[in-house]
Amino acid sequence: MRLILLGPPGAGKGTQAQGLADHFDIVHISTGDMFRGAIKNQTPLGLKAKAFLDEGELVPDDVTIGIVKERLEKNDCDRGFLLDGFPRTLIQAETLTEMLANLGKPLDGAININVDRIKLMARLTGRRICRHCGAAYHIVFNPPPKEGECGKCGGPLYQRDDDNEATCENRLNVYESQTAPLIEYYAGQEILHNIQGDQEIDKVFADILAAVTPQ
Ligand code: ADP
Ligand code: ADP
Ligand code: ZN
């Protein structure tokens with residue numbers, strides 16, 4: 001199974017990704033996680049990416065495409081993969097199509113999770129992330145069993161630097177102008193699945209499975 005997760009920041013891509021990767025036994029590839037890891041470790045990639053993440057702007061296509069290409073060429077992707085947060089521009093999408101055609105691994109589906117903008121702001125500004133396992137929580141909509149502590153691994157929760165109001169506004173604008181056009185692109189390839197993201201987390205998951213599982 002080879003899938004991509006589309007949808008605005010805060011739609012629930014990360015929340016759904018791990019369950020989907022486990023269910024299909026495929027590799028979860030999150031460009032956002034890759035950039036945050038590189039920034040934390042102060043690698044050359046992290047130094048290049050930091051200013052863009054801080055502003056809520058997209059990291060340049062050549063940099064982003066480079067790291068995804070490298071990742072997709074690894075052997076573990078033979079069993080399938082789930083791209084979370086990539087592609088985000090038309091150039092990324094077109095390059096991905098070409099890249100996967102060359103590898104003989106075309107996409108099986110593009111899952112587009114829809115949520116209203118007002119809800120997205122509330123989701124993003126209340127999001128908390130586990131420092132150890134990366135699980136996402138929400139202070140109101142999806143609180144951890146114990147405040148400030150991950151229910152899966154016990155790790156401490158933190159708020160991402162870019163989950164402040166000003167940066168979130170910008171990220172949502174960037175999504176509208178640069179990423180939303182991909183919905184048309186994948187509809188044209190006849191692999192798009194639109195999912196209502198404003199439902200309970202388990203219901204969203206069930207809808208995604210029903211959409212991508214062959215009848
Ligand atoms: P994305 O990866 O698309 O940016 P996340 O998966 O990190 O989104 O989710 C954003 C925030 O919304 C998190 O705080 C998460 O706990 C919360 N969230 C995710 N799915 C739902 C849902 N179905 N209902 C309510 N809140 C949700
Ligand atoms: P969210 O889903 O909450 O927007 P992500 O973790 O997917 O967050 O992305 C965080 C940031 O990483 C983005 O705001 C952007 O700066 C950078 N980023 C992630 N994926 C891409 C991509 N495909 N192209 C360019 N920049 C990206
Ligand atoms: Zn954890």
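Every number for a ligand or one of its atoms is a count from 1 in the order of the listing. Nothing fancy with the numbering, it's 1 onward along the sequence. What you see is a predicted model; the values in this text were computed from it and never measured.
Contact annotation for Gln16 and ligand 1: no heavy atom of the residue comes within less than 4.0 Å of the ligand. If you look at Thr15 next to ligand 1, the close heavy atoms, those under 4.0 Å, come from the backbone and the side chain alike.
A distance-only check finds a donor-acceptor pair linking the side chain of Thr31 to the backbone of Gly85 [under 3.5 Å]. When atom types are taken as modelled, the side chain of Asp116 and the backbone of Lys119 share no donor-acceptor pair closer than 3.5 angstrom. Checking side-chain atoms of Lys105 against main-chain N and O of Met99 turns up no donor-acceptor pair under 3.5 Å.
Using a 4.0 Å cut-off between charged side-chain N and carboxylate O, Glu169 and Arg117 make a salt bridge. The pair Lys74-Asp76 does not meet the salt-bridge criterion, since no charged nitrogen lies less than 4.0 angstrom from a carboxylate oxygen. For Arg171 and Asp163, the salt-bridge test passes: some basic side-chain N is under 4.0 Å from an acidic carboxylate O.
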Show me a pair-per-line table, with atom names and distances to 0.1 Å, of protein N or O atoms that are under 3.5 Å from an N or O of ligand 2.
from     : atom 1 : to     : atom 2 : distance (Å)
ligand 2 : 2 (O)  : Lys13  : NZ     : 3.2
ligand 2 : 3 (O)  : Arg127 : NH2    : 2.9
ligand 2 : 3 (O)  : Arg171 : NH2    : 2.7
ligand 2 : 4 (O)  : Arg88  : NH2    : 2.9
ligand 2 : 4 (O)  : Arg171 : NH2    : 3.3
ligand 2 : 6 (O)  : Arg36  : NH1    : 2.9
ligand 2 : 6 (O)  : Arg36  : NH2    : 2.9
ligand 2 : 6 (O)  : Arg160 : NH1    : 3.4
ligand 2 : 7 (O)  : Arg88  : NH1    : 3.0
ligand 2 : 7 (O)  : Arg88  : NH2    : 3.4
ligand 2 : 8 (O)  : Arg160 : NH2    : 3.1
ligand 2 : 16 (O) : Glu57  : O      : 2.6
ligand 2 : 20 (N) : Thr31  : OG1    : 2.8
ligand 2 : 20 (N) : Gly85  : O      : 3.3
ligand 2 : 20 (N) : Arg88  : NH1    : 3.0
ligand 2 : 23 (N) : Gly85  : O      : 2.9
ligand 2 : 23 (N) : Gln92  : OE1    : 3.1
ligand 2 : 24 (N) : Gln92  : NE2    : 3.0
ligand 2 : 26 (N) : Val59  : N      : 3.0

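Polar contact with ligand 1: absent for Glu200 (N/O pair, distance under 3.5 Å).
Less than 4.0 angstrom separates some heavy atom of Asn142 from each of these atoms of ligand 1: 16 (O). Listed by number with element, the atoms of ligand 1 under 4.0 Å from a non-hydrogen atom of His138 are 14 (O), 16 (O). Applying the 4.0 Å criterion to heavy atoms of Gly197 picks out, from ligand 1, the atoms 23 (N).
In terms of hydrophobic clustering, with Ile, Leu, Val, Met, Phe, Trp and Tyr side chains grouped at heavy-atom distances under 4.5 Å, Leu157 and Ile201 are assigned to different clusters.
Among the atoms of His132, no N, O or S atom is found under 2.8 Å from the Zn ion (ligand 3).
Rounded to the nearest 10 degrees, the angle SG (Cys153) to the Zn ion (ligand 3) to SG (Cys130) equals 100°.
Screening Thr64, Asp61, Thr179 against Thr89 for a side chain to side chain donor-acceptor pair (under 3.5 Å) leaves a single residue, Asp61.
Taken from CG in Asp202 to CG in Asp207, the straight-line distance is 11.0 Å, to the nearest 0.5 Å.
Counted within 6.0 Å of CG on Asp108, heavy atoms from surrounding residues, nucleotides or ligands total more than 12; the atom is thus considered enclosed.
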